[in-house]
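Some notes on the structure that comes next.
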Amino acid sequence: MTAQKSRNASLLSHLGDAALPFGIVVALLATWEAAVHLLKIQPFVLPAPTEIFKELLISGPTVILPQLHVTLIETLAGYLAAVIISAILSVLILYSSTFRRGVLPLIVASQTIPIITMAPVLVIWFGYNSLPRIIITAIVAFFPLTIAAVTGLKSLEPQFIDFFRSLNATPAQIFFKLRLPVALPSIFGGLKVAATLAVIGATISEWVGASQGIGYLIAQDTALLNTTRVFASLTVLGVAGMALFGLVGLIERLSMPWIYARPSMAWLRASQNPRAPAAAVARPRQ
Amino acid sequence: MTAFRLKPWTIAVAALTSTIALTSSVLAADLTKFRYALIAKPGIWDAAVINGIDNKFFADEGLELELISPTSPADGLKLVATGGAELATAHSTDVITARSKGLPVVSIGANHQTGTTGILVPAEAGVKDLKQLEGKNVGITGIPFNKVMLEHSLKAGGADLSKVNVVTVGFTQMPLLLSQRIDALGDAICWDEPPIYNVQIKKPADDKSTYTYFTFTDYGVPRFYTFGLVGDEEALKKNPDLYKKFLRAWRKSVEWMIANQSAAADGVIKQIPSISKEEAVVSLAEIASISVSAETEANGIGWQDPAVWEKQEKFMLENGLISADVDVSQAVTNDYLK
């Protein structure tokens, strides 16, 4: 009976979690629709949500989704490249103070360059193919990943390392059995941010040197004043970004059963839920 | 205690300063602000207007021009249609497209009497006709109308479209051509890319032997106007005198630019020092030649023949750039030039 009550409470909590953003979206769309009609805003300036929805039904399957397919391949390739690069960088930064002092400022500086200005140069260097677009996507996505990974890997308290050493653990064992599991929540935070940034990176990269993809479609539609389809494409991109974010979230849950499957770790799950009562967030005594 | 005495020269300077300040403020107050959207960032193609401002042609008509640089040519039209600018520079294609989308924009004058968009191939490639572009990479900016014109011309020139690799490269065409990533520019403009190409390969800017140029209008693409002056239907009706004043000053500016090309180039370089004088002079010579036509000889600078617009509209409809017929008689008028 208690277990049933707990399940019902959990279900209600999840429904509550979903209802809030849904309610906000509905309210925003209603305000937007009303504003367009009341203020008589022309569709080329701001199309109404209902018009965008109609456009999605018309152009979605035949025009937008085939282009999204191209963008998603670039997104995933760039994202994967970013994951590999940031994994290598974060390990080097963690273990080499020379590398940290020499390269970390350059990594930070790389993020101050407006990436769109790099796109033409990359096309000239690497030619007319998808490689420049994958590189741009990787450049956009790797930074939060690297910072999150380094932060996570360095967050370990020294006494845990001392404890592992006292058990004759090798450096590799310390890394894989201690540092990495402890860093995973932080790493997944970076992975989720990078997932959405990768979608943006791939789309921007298609503004230069592409003949297909959703970014290319948006550029073409902007030139042809197809503002409604631009918004429809943006909607599809938003959904794709959310899906990618959700997928990383799912992998996160599956990768950290010690957090998500154990009732004793409820405090950590609760700490990630802003609606949880303060008492639940308080960390239990060691 | 020392008495404070004003010296005569101090009084004279003060009086002169006050007079200048007062006159300037009165003059500024007399001028009507006129927001004019350029086609994109300012360039040599804006020589007439930039020099017209310097030469006070617009001020003489009581106008104080505020130049706006939109991010894309279509944005200028949106600005005009939403009251963000009085006038915008725009391609006739964009005007027809805008009308098809319900934007009440009207072309009231044209800078260029014919579009000169075409294919530029370095001479060393030995391409003598468009069929020889088969198997080559042709880079285009991605402007939809340009792509249509290119494909139409390639077909008309006997090339198999499936064998020509048309690639969209944005506005990085020239570096890609120079680095041999592409073999030809698929939507060059005769007054822009050729001098730039020549200067880059260290040849005189006006050397026509370094490249082969295929103009689209030689391959069945109808003549079209470019760099038109486009206003909003309602605003034009509401304040016709304002637009007539602008057009009078603008015509004077274009005529001055045609007659004083070197000085006009200097005037633009003064504002945009990154422009090369050598390129600018060659560009302006070409621009000057397309700013006039038989119609402008008869009716004055800026004149537009509605029949030319009709043929272009038909071409756009046939090639799927617009989905429904557009009444071009609503999109173009010469009334404000009179």
Side-chain angles (χ1 to χ4, degrees), chain A residues 36 39-48 51 55 58-59 62-63 67 70-71 114-133 136 203-231, chain B residues 40 70-84 90-91 93-105 136-148 165-183 186 232 316 320-323:
Chain A
V36 167
L39 302 172
K40 294 189 171 67
I41 299 172
Q42 299 255 40
F44 65 86
V45 177
L46 182 68
E51 292 302 315
E55 186 64 46
I58 297 165
S59 303
T62 53
V63 182
Q67 302 296 336
V70 175
T71 307
I115 198 65
I116 194 72
T117 60
M118 281 298 291
V121 181
L122 290 173
V123 172
I124 293 163
W125 290 350
F126 299 107
Y128 179 80
N129 53 54
S130 54
L131 185 59
R133 295 192 285 284
I136 289 169
T203 308
I204 289 173
S205 73
E206 287 166 353
W207 290 352
V208 178
S211 292
Q212 48 186 346
I214 215 152
Y216 172 75
L217 181 69
I218 288 171
Q220 292 289 297
D221 282 338
T222 304
L224 289 169
L225 296 162
N226 268 341
T227 314
T228 310
R229 198 159 74 188
V230 169
F231 274 82
Chain B
T71 48
S72 79
D75 286 347
L77 291 180
K78 287 183 196 169
L79 273 176
V80 161
T82 53
H91 299 299
T93 333
D94 290 335
V95 174
I96 293 170
T97 306
R99 294 281 327 184
S100 78
K101 301 282 174 194
L103 272 77
V105 289
K136 297 202 181 295
N137 292 319
V138 179
I140 56 167
T141 56
I143 296 170
F145 184 56
N146 290 0
K147 192 178 182 201
V148 165
N165 187 25
V166 177
V167 292
T168 306
V169 293
F171 290 90
T172 57
Q173 283 179 308
M174 191 56 75
L176 287 173
L177 183 72
L178 294 166
S179 59
Q180 296 175 337
R181 291 280 181 195
I182 53 173
D183 304 300
D232 173 70
M316 288 175 69
L321 283 167
I322 48 172
S323 50

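Proteins come first, then strands; the chains are lettered A, B, ... in the order of their sequence lines, and each starts at number 1. These numbers come from the heavy atoms of this one structure, side chains and all, not from hydrogens, waters or symmetry mates.
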As an exercise, state the distance from CZ of B/Arg181 to CG of A/Asn129, rounded to the nearest 0.5 Å. 8.0 Å

Less than 4.5 Å to any heavy atom of chain B: does that hold for the side chain of A/Val123, its backbone, both, or neither? both

Heavy-atom distance under 4.5 Å between the side chains of A/Gln42 and B/Leu103, does that happen here? no

Nearest heavy-atom approach of B/Lys78 to A/Leu225 is CE-CD2, 3.3 Å

Could you check which of B/Val167, B/Thr97, B/Val169 has the highest count of heavy-atom pairs closer than 4.5 Å to chain A? B/Val167

Please name the pair of heavy atoms, one in A/Ala223 and one in B/Pro144, separated by the smallest distance, quoted to 0.1 Å. CB-CD, 3.9 Å

Taking all atoms of both residues into account, what is the closest heavy-atom pair of A/Leu224 and B/Lys101, and its distance? O-CE, 3.3 Å

Where on A/Ala210 is there a heavy atom nearer than 4.5 Å to chain B: the side chain, the backbone, both, or neither? backbone

Quick one: side chain to side chain contact (heavy atoms under 4.5 Å, CB included) partners of A/Val63, sequence neighbours excluded? A/Ser59, A/Leu217, A/Arg229

Any residue meeting side chain to side chain contact (heavy atoms under 4.5 Å, CB included) with A/Val121, in chain and number order, not counting sequence neighbours: A/Trp125

